[in-house]
*Asks:* 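The structure follows.
Naming convention: chains lettered A, B, ... in sequence-line order (proteins, then strands); numbering from 1 in each chain.
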Amino acid sequence: MNTLRKLEILADAAKYDASCASSGAAKKDSSKGQGIGSTGGTGICHSYTPDGRCISLLKVLLTNVCLYDCHYCINRRSSNVRRALFTPEEVVDLTISFYKRNYIEGLFLSSGIVRSADYTMELVVRVAKLLRKEHHFKGYIHLKTIPEASPELIIEAGKYADRLSINIELPRHESLQKLAPEKSLVRTRDAMQTINSKISETIQARKEMRKVNSRAKRPSFATGQSTQMIVGADGSNDSDFLKRSEDMYGNFKMRRVYYSAFSPIPEPSVVLPLKAPPLVREHRLYQADWLLRFYQFKVGELTTEAEPNLDLDIDPKLSWALRNRDLFPLDINTAQLEMLYRIPGLGVRNAQRIVRVRSYHRVGLEDLIKLRVNLKKTMPFMICSDHNPAKLELSSEALRLKFAPPPEQMELDFSSLVPMLEADTKEDLKAKEAQQKMTAIAGKEARHGEF
Amino acid sequence: MKTVVIEPTYEAWRDAARELLGEMVEPRNVIWQARLPRDAGEELLDFSEEVTRPSANRCHGFKVSREFMQLAKTVGSHRSGRQWSLMYEVLWAMTYGNDKTLLRRATDTRVRTLEKMRGMVSRDIHKMRAFVRFREVMAEDQNGEAREHYVAWFEPDHRIVRLNAPFFRKRFGGMNFSILTPDECMHWNGVKIRYSEGVSKDYAPEEDELEDLWRGYYRSIFNPARLKIKMMQSEMPKKYWKNLPEAEIIEELIRDSSDQVNRMMKEENRELKQRPNNKYLDHLDDLNRNDIEE
């Protein structure tokens with residue numbers, strides 16, 4: 001099998017992992033003229049595929065041969081997909097050749113489980129070691145870690161990698177048992193703990209060496225870990241997902257939790273029938289995740305016992321605000337920063353700008369327009385120097401209708417997959433355009449976190 | 001009224017601005033004109049009363065905040081030329097107007113315009129880092145020996161080659177490369193950065209043998225079940241496509257995506273295969289039993 005064919009199989013096998021981050025690595029570069037590569041700034045997206053996702057890393061599996069039988073996965077042992085295997089040297093060559101042409105920020109390497117966890121992990125680590133030691137590669141390396149691998153191997157992986165990740169896959173033990181019988185929540189969390197303590201330990205050690213101005217070589221280790229959950233493959237509700245994310249961020253200091261809508265795969269499993277990917281739900285989870293991390297929300301505020309799922313029609317912050325109408329309108333000239341974060345349509349950065357500007361003069365609508373605040377969303381919830389919505393007296397229900405899209409646009413179905421070119425009638429075309437626009441805007445919001 | 005003719009660079013503006021500040025020339029009495037780089041050396045037709053050509057390196061001891069310097073350095077690369085007078089206005093206000101906190105007021109019209117320009121230049125800088133594509137050529141070194149050299153062609157919106165040079169030098173330190181643009185070109189030989197005049201696209205190589213692999217990767221990493229064309233285009237606008245080798249297959253990928261998904265949806269479910277005899281899987285079974293007992 002030639003390299004191109006292998007690459008096609010092993011990239012295809014890797015594409016269901018949503019992680020693409022290449023930021024947050026320690027500063028390093030190749031300005032001394034040995035090798036290539038640099039990290040430490042914000043990650044760069046070198047290309048975008050028509051699914052709207054960025055290509056930042058060469059994301060491949062070392063092999064898609066796998067002993068496990070995870071039913072959501074194209075590479076499970078029961079699948080008849082074509083199998084391929086890279087040698088570590090082949091992956092190294094591809095990484096360097098792609099990097100030199102500025103196609104990528106680095107490598108994201110994962111693998112099916114062959115022979116045993118340790119055997120597989122050793123191969124993965126070997127690639128990273130070759131890149132760093134033989135080729136002086138200073139680009140980004142993300143290694144997928146196998147929870148069952150010995151802690152020594154996991155720690156060795158962290159020496160070469162900028163990021164480690166273990167996918168938790170599903171939020172609840174019961175669904176994992178059913179859909180990924182070889183995996184275990186307990187072991188996954190244990191391995192995450194191993195990584196987390198090593199990260200903190202390294203930060204601490206480096207800090208102390210800096211304090212005493214030690215010239216000795218500072219220990220290096222991955223600067224962060226991340227994880228992923230598949231949305232829509234099991235019966236878990238959004239509250240289950242968000243609680244698991246809270247566990248991940250709180251207990252293991254995850255940099256990111258990725259949510260990946262379960263999307264059709266070739267070789268569907270009899271245990272898990274295919275359906276359209278719940279893209280809107282995935283998007284709402286990202287928004288809620290953002291609110292947890294940057295807007296100081298708690299899971300209990302975003303979902304309730306009565307309504308454990310996020311509203312698909314409107315974003316979770318608006319949804320929260322409508323449930324808490326008595327707190328609004330807030331005066332943006334006097335409210336605390338933390339409360340400004342809670343106004344629908346107002347992002348973290350603009351909230352901070354408002355706090356700065358209002359120390360010079362009272363903030364009015366004109367200022368908000370200049371800051372490009374989403375006024376339509378914001379106005380019912382705030383008071384400023386020349387606006388007071390109290391007179392409008394809109395009920396929560398009326399407001400919800402104002403923001404919720406008409407019902408037929410709620411969930412994306414497969415008709416939206418047919419490209420616009422193939423639309424039958426003008427109306428079709430219009431509807432599809434509207435739909436695409438919605439997802440485009442939605443996707444953008446999720447990444448920039450201003451809503 | 002004073003007309004100041006400068007090279008369109010931050011440094012040239014800074015030298016002129018220092019001098020003007022020293023002479024207490026108010027912003028409303030200055031007309032800023034950029035000399036086009038290609039016209040350098042030619043005399044500009046000028047009908048104003050007085051033309052000043054600033055002399056460099058005369059320090060008048062004006063203290064300017066680091067914040068402003070950073071803003072001005074970036075905005076100085078904006079291609080419009082509208083930035084020079086705005087920058088001077090803000091500098092004047094901060095110096096003689098005693099308005100030291102001006103930059104913190106994001107709603108001030110001048111600050112807002114400059115910030116907007118900074119956003120445009122920064123985005124351009126970022127996109128250049130993202131979308132430059134090197135192609136390998138064989139070149140000769142001083143000893144006549146063949147060694148690999150990488151050449152890229154890029155068309156930036158603003159004059160950002162020099163702002164971006166340190167980034168590329170640090171990233172590709174161990175590699176000889178040139179980045180060609182219509183404005184100017186940057187070259188790195190492992191020791192020193194060198195700049196040369198801008199060129200046309202014909203100077204850049206037309207292909208690289210790795211590009212088939214790259215397109216193969218691009219094709220395979222795309223998930224046809226989640227088409228979001230607008231999302232792709234907002235981050236990778238069409239204007240960049242002509243210089244991206246992978247963009248050639250975008251239309252084809254979009255066209256085939258629905259067929260691909262329909263095929264997947266119609267496929268029959270695969271039955272489970274028998275669990276192979278494998279010691280490691282036995283071991284996992286034991287572990288899983290223990291986990292549950294815990």
Side-chain angles (χ1 to χ4, degrees), chain A residues 4 7-8 11-12 15 29-38 44-52 55 59 67 77-80 97 100-103 115-116 182 184 186 263-264 266-270 273-274 277 279 353 356-357 360 367 370-371 414 417-419 436-437 439-440 443-444, chain B residues 104-107 112 126 129-130 132-134 150 152 169-175 190 208 210 212-214 216-218 220-223 225-232 234-236 244 246 250 253-255 257-258 261 264-265 267 269-273 276 278 280-281 284 287-288 291 294:
Chain A
L4 175 61
L7 178 62
E8 280 169 352
D12 193 73
K15 73 174 153 212
D29 65 52
S30 54
S31 56
K32 290 201 178 108
Q34 208 182 23
I36 48 162
S38 63
I44 297 169
C45 298
H46 286 274
S47 194
Y48 287 82
T49 38
D51 51 16
I55 298 182
K59 195 191 290 181
L67 280 171
R77 65 169 187 255
S78 288
S79 148
N80 295 320
S97 309
K100 280 185 166 174
R101 286 157 181 81
N102 203 39
Y103 301 158
R115 271 192 233 180
S116 72
E182 282 82 15
S184 133
V186 179
S263 95
E267 300 289 321
S269 165
V270 67
L274 296 184
L279 294 182
R353 284 193 189 115
R356 269 207 304 270
V357 171
Y360 299 102
D367 299 309
K370 283 180 184 169
L371 294 174
F414 275 106
L417 281 171
V418 183
Q436 288 211 336
K437 200 164 174 185
T439 21
K444 208 164 181 175
Chain B
R104 296 174 58 83
R105 292 205 308 278
T107 50
R112 207 164 58 92
H126 189 78
R129 292 174 185 182
V132 150
R133 294 284 181 267
F134 285 111
Y150 290 84
R169 174 179 57 82
K170 283 182 193 159
R171 170 150 294 196
F172 300 106
M175 176 174 122
D208 183 293
L210 251 291
D212 280 337
L213 275 177
W214 171 234
Y217 176 70
Y218 184 84
S220 307
I221 206 72
F222 162 59
N223 184 349
R226 15 184 329 144
L227 204 60
K228 288 185 185 179
I229 302 169
K230 287 262 163 70
M231 176 82 174
M232 164 186 68
S234 75
E235 297 296 336
M236 195 167 85
L244 295 171
E246 67 272 26
I250 289 177
L253 291 182
I254 295 172
R255 208 171 43 235
S257 61
S258 57
V261 176
M264 282 193 253
M265 297 300 282
E267 263 187 84
N269 294 332
R270 303 292 188 267
E271 292 303 321
L272 300 191
K273 283 184 190 160
N278 176 284
Y280 177 67
L281 286 180
L284 277 184
L287 286 179
N288 282 345
D291 279 353
E294 271 177 31

*Asks:* So does A/Ser79 get a backbone contact from the side chain of B/Arg270, meaning a donor-acceptor N/O pair under 3.5 Å?
*Replies:* no

*Asks:* Mark yes or no for whether B/Tyr217, through its side chain, and A/Leu4, through its backbone, hold a donor-acceptor pair below 3.5 Å.
*Replies:* no

*Asks:* May I ask you to name which of B/Arg129, B/Met264, B/Lys170, B/His126 has the most heavy-atom pairs under 4.5 Å with chain A?
*Replies:* B/Lys170

*Asks:* With a 4.5 angstrom heavy-atom cut-off, is it the side chain or the backbone of B/Ile221 that approaches chain A, or both, or neither?
*Replies:* both

*Asks:* Sub-3.5 Å donor-acceptor pair from the side chain of A/Lys15 to the main-chain atoms of B/Ser220, do we have one?
*Replies:* yes

*Asks:* If you round to the nearest 0.5 Å, how far is NZ of B/Lys273 from CZ of A/Arg77?
*Replies:* 10.0 Å

*Asks:* Evaluate the side-chain proximity of A/Ile55 to B/Glu246: yes if any heavy-atom separation is below 4.5 Å, no if none is.
*Replies:* no

*Asks:* Which heavy atom in A/Ile36 sits nearest to a heavy atom in B/Phe172, and how many Å separate them?
*Replies:* CG2-CA, 4.3 Å

*Asks:* Report which part of B/Asp212 has an atom under 4.5 Å of a heavy atom belonging to chain A: side chain, backbone, both, or neither.
*Replies:* backbone

*Asks:* Measuring from A/Tyr360:OH to B/Arg105:CZ, what's the distance to the nearest 0.5 Å?
*Replies:* 7.0 Å

*Asks:* To the closest 0.5 Å, what do you measure between CG (B/Asn269) and OG (A/Ser78)?
*Replies:* 12.0 Å

*Asks:* Check each atom of B/Asn278 against the heavy atoms of chain A and say whether the ones under 4.5 Å are side chain, backbone, both or neither.
*Replies:* side chain

*Asks:* Taking side chain as everything from C-beta outward and backbone as N, CA, C, O, which of these in B/Glu267 sits under 4.5 Å from a heavy atom of chain A? Side chain, backbone, both or neither.
*Replies:* both

*Asks:* Checking B/Arg112 against chain A: side chain, backbone, both or neither under 4.5 Å from a heavy atom?
*Replies:* side chain

*Asks:* Looking at B/Thr107, is its backbone amide N or carbonyl O close enough to the side chain of A/Asp367 to form a donor-acceptor pair, meaning the two atoms are under 3.5 Å apart?
*Replies:* no

*Asks:* Nearest 0.5 Å please: distance from the CE atom of B/Met232 over to the OG atom of A/Ser47.
*Replies:* 9.0 Å

*Asks:* So, does A/Ser30 use its side chain to make a donor-acceptor pair with the main chain of B/Gly173 at under 3.5 Å?
*Replies:* yes

*Asks:* For B/Tyr150, which atoms come within 4.5 Å of any heavy atom of chain A: side chain, backbone, both, or neither?
*Replies:* side chain

*Asks:* Taking all heavy atoms of B/Ile254 and all of A/Pro50, pick out the closest pair and write down the distance.
*Replies:* CG1-CB, 3.8 Å

*Asks:* Taking every heavy-atom pair that is under 4.5 Å apart, which of A/Val270, A/Asn80, A/Ile44, A/Asp51 has the most such pairs with chain B?
*Replies:* A/Asp51

*Asks:* Quick one: which of A/Arg115, A/Glu182, A/Lys100 has the most heavy-atom pairs under 4.5 Å with chain B, could you say?
*Replies:* A/Lys100

*Asks:* Nearest 0.5 Å, please: how far is OG1 in A/Thr49 from NZ in B/Lys228?
*Replies:* 11.0 Å

*Asks:* Tell me if a side-chain donor or acceptor on B/Arg133 pairs with a main-chain N or O of A/Asn102 at a distance below 3.5 Å.
*Replies:* yes

*Asks:* What distance separates A/Asp12 CG from B/Asn223 CG, expressed to the nearest 0.5 Å?
*Replies:* 9.0 Å

*Asks:* Considering only heavy atoms, which portion of B/Leu213 lies under 4.5 Å from any heavy atom of chain A: side chain, backbone, both, or neither?
*Replies:* both

*Asks:* Give, as side chain, backbone, both or neither, the part of A/Leu67 having an atom under 4.5 angstrom from any heavy atom of chain B.
*Replies:* both

*Asks:* Output the option from A/Ser97, A/Gly37, A/Ser263 having the highest count of non-hydrogen pairs under 4.5 Å with chain B.
*Replies:* A/Gly37

